Amino acid sequence: MTTLFINIKELIQIREAKTKKVSGKEMSILPTIKNAFLIVKDGLLFDYGKMDNLLECNYDKKINCSGKMILPTWVDSHTHIVFAGNREQEFVDRINGLSYEEIAKNGGGILNSAKKLQVTSFDDLYNQSAKRLEEVIALGTGAVEIKSGYGLTVDAELKMLRVIKKLKENYNIPIKATFLGAHAIPSEFKNKKEGYINLIIDEMLPKITEENLADFIDVFCEKGYFSVSDTDKILTAAKKHDLIPKVHVNQFNAIGGIEISTKHKALSVDHLEVLTDADVESLKNAETMPVALPSCSFFLSIPYTPARKIIDNGLPLALATDYNPGSTPSGNMNFVVATACIKMKMTPEEAINAATINGAYAMNLSDNVGSITKGKLANFIITKEIPSYGFIPYNFGSNLIDSVYIKGNKI
Ligand SMILES: N=CN[C@@H](CCC(=O)O)C(=O)O
Ligand SMILES: [Zn+2]
């Protein structure tokens with residue numbers, strides 16, 4: 001099956017296969033072709049170029065994109081979309097003056113979600129999660145990472161990871177699973193954190209490996225959750241199971257999470273709302289992708305990740321949603337891109353690079369998604385008629401998506 005897209009006002013994010021990520025000043029360059037064509041063959045990007053250079057070719061379908069732009073689908077490298085119910089009450093509690101940390105200390109927060117998830121059936125959890133996945137695909141997301149971490153018992157963590165596995169089987173977009181057993185210390189292990197860490201290492205990890213349920217390992221490395229030495233211990237154990245680290249660090253406090261993560265060759269370090277000069281130095285000596293989650297900062301009214309400090313130091317940066325019931329009940333990457341420009345002073349070029357090619361790197365999917373590159377998946381967004389790609393963040397809150405294509409098929 002071959003589809004020819006013609007008269008594309010601008011074809012955005014065109015890259016050679018060798019470009020796996022963009023860093024520093026490179027992030028301000030977004031390669032495009034104006035008045036372009038694109039050929040999709042058997043679900044993959046087959047060819048593209050200027051309309052003037054379009055040769056006669058056989059195709060099954062032709063789509064006219066006059067006035068519209070095409071860009072690769074968003075790559076959301078950090079989500080928790082498998083969760084049960086919601087935490088709307090905590091949202092109201094915060095409006096009334098409680099902080100996120102205070103709510104967590106009173107047994108709310110992650111433990112509240114875990115309580116709900118533990119009593120939710122596999123089918124119910126799957127259905128709730130599938131609905132969220134369908135919602136974000138319609139919003140232009142064409143690859144997604146999903147974490148466990150609202151189970152916090154052997155059975156409930158396995159239930160979450162099996163739900164992710166079923167989502168992988170039933171949906172056409174690349175999905176990666178991350179084991180985040182070390183998301184919070186369950187109440188049963190209050191003052192017995194070591195016991196819970198041993199449960200993660202001795203029982204959860206072997207079972208997860210046996211069923212091949214995870215691609216990555218994550219730890220919430222933060223005061224009141226897991227320390228740097230806990231993180232070291234868990235990442236060391238996970239290495240024996242071939243799980244690559246993607247770590248929650250520096251959300252509220254800089255306690256050394258970045259240094260330990262880079263030491264373990266983490267694929268990404270995520271959050272970074274607080275970032276020291278020493279953290280920046282650690283990142284300069286690593287291949288680890290820093291990931292910012294601006295919707296979380298927006299929703300919790302906490303500082304935004306200092307994108308300028310990161311990019312101006314020559315580092316790469318990816319953007320993701322963090323979709324979860326507590327700190328970010330939104331999986332809208334369009335909002336993430338707009339907020340990164342408005343609040344983090346990223347240019348539209350930097351934000352689009354961060355939400356596509358650098359997101360793909362942060363999921364180990366550089367060969368499959370994140371750019372318009374021959375041989376990559378034909379996962380792309382056709383915009384409505386817009387004057388320029390800068391309109392995507394500028395006209396925030398408006399739906400500028402005409403259609404989303406996954407493996408060459410309109411969804
Ligand atoms: N900070 C850790 N985990 C999630 C939020 C968890 C929750 O509040 O449910 C995050 O990335 O923001
Ligand atoms: Zn998160």
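In this text the structure is predicted, and so the values were computed from the model without any measurement. Counting starts at 1 for both ligands and their atoms, following the listed order.
Pairs engaging residues 277-316 under the ring pair (Phe, Tyr, Trp, His ring centres under 6.0 Å) rule: F91-F299, F298-F335 [sequence neighbours left out]. Residue pairs meeting the ring pair (Phe, Tyr, Trp, His ring centres under 6.0 Å) criterion with at least one member in residues 260-281, sequence neighbours excluded: H78-H271, H248-H271.
Put simply, CD1 on I14 and OG1 on T32 are 6.5 Å apart, with the number rounded to the nearest 0.5 Å.
For a distance threshold of 2.8 Å, the protein N, O or S atoms nearer than that to the Zn ion (ligand 2), listed by chain and number, are H78 NE2, H80 NE2, H248 NE2, D322 OD1.
Ring geometry for F83 versus Y323: interplanar angle over 60°, hence perpendicular rather than tilted (30 to 60°). The aromatic rings of Y126 and F122 sit parallel, their planes meeting at an angle under 30°, below the 60° perpendicular limit.
Shown here is E194, whose CD atom has more than 12 heavy atoms of other residues, nucleotides or ligands within 6.0 Å.
Enumerated by chain and number, the residues approaching ligand 1 to less than 4.0 Å through a heavy atom are H78, H80, R87, Y100, I110, Y150, H183, F220, H248, Q251, H271, D322, N324, G326, S327.
Results of the side chain to side chain donor-acceptor pair (under 3.5 Å) test with D76 over T321, N332, T141 single out T321 as the only residue that passes.
N64 and N7 are linked by a side-chain donor-acceptor pair at a separation below 3.5 angstrom, with hydrogens and angles left out of the test.
Between E134 and K131, no side-chain nitrogen of the basic residue sits less than 4.0 Å from a carboxylate oxygen of the acidic one, so the salt-bridge criterion is not met.
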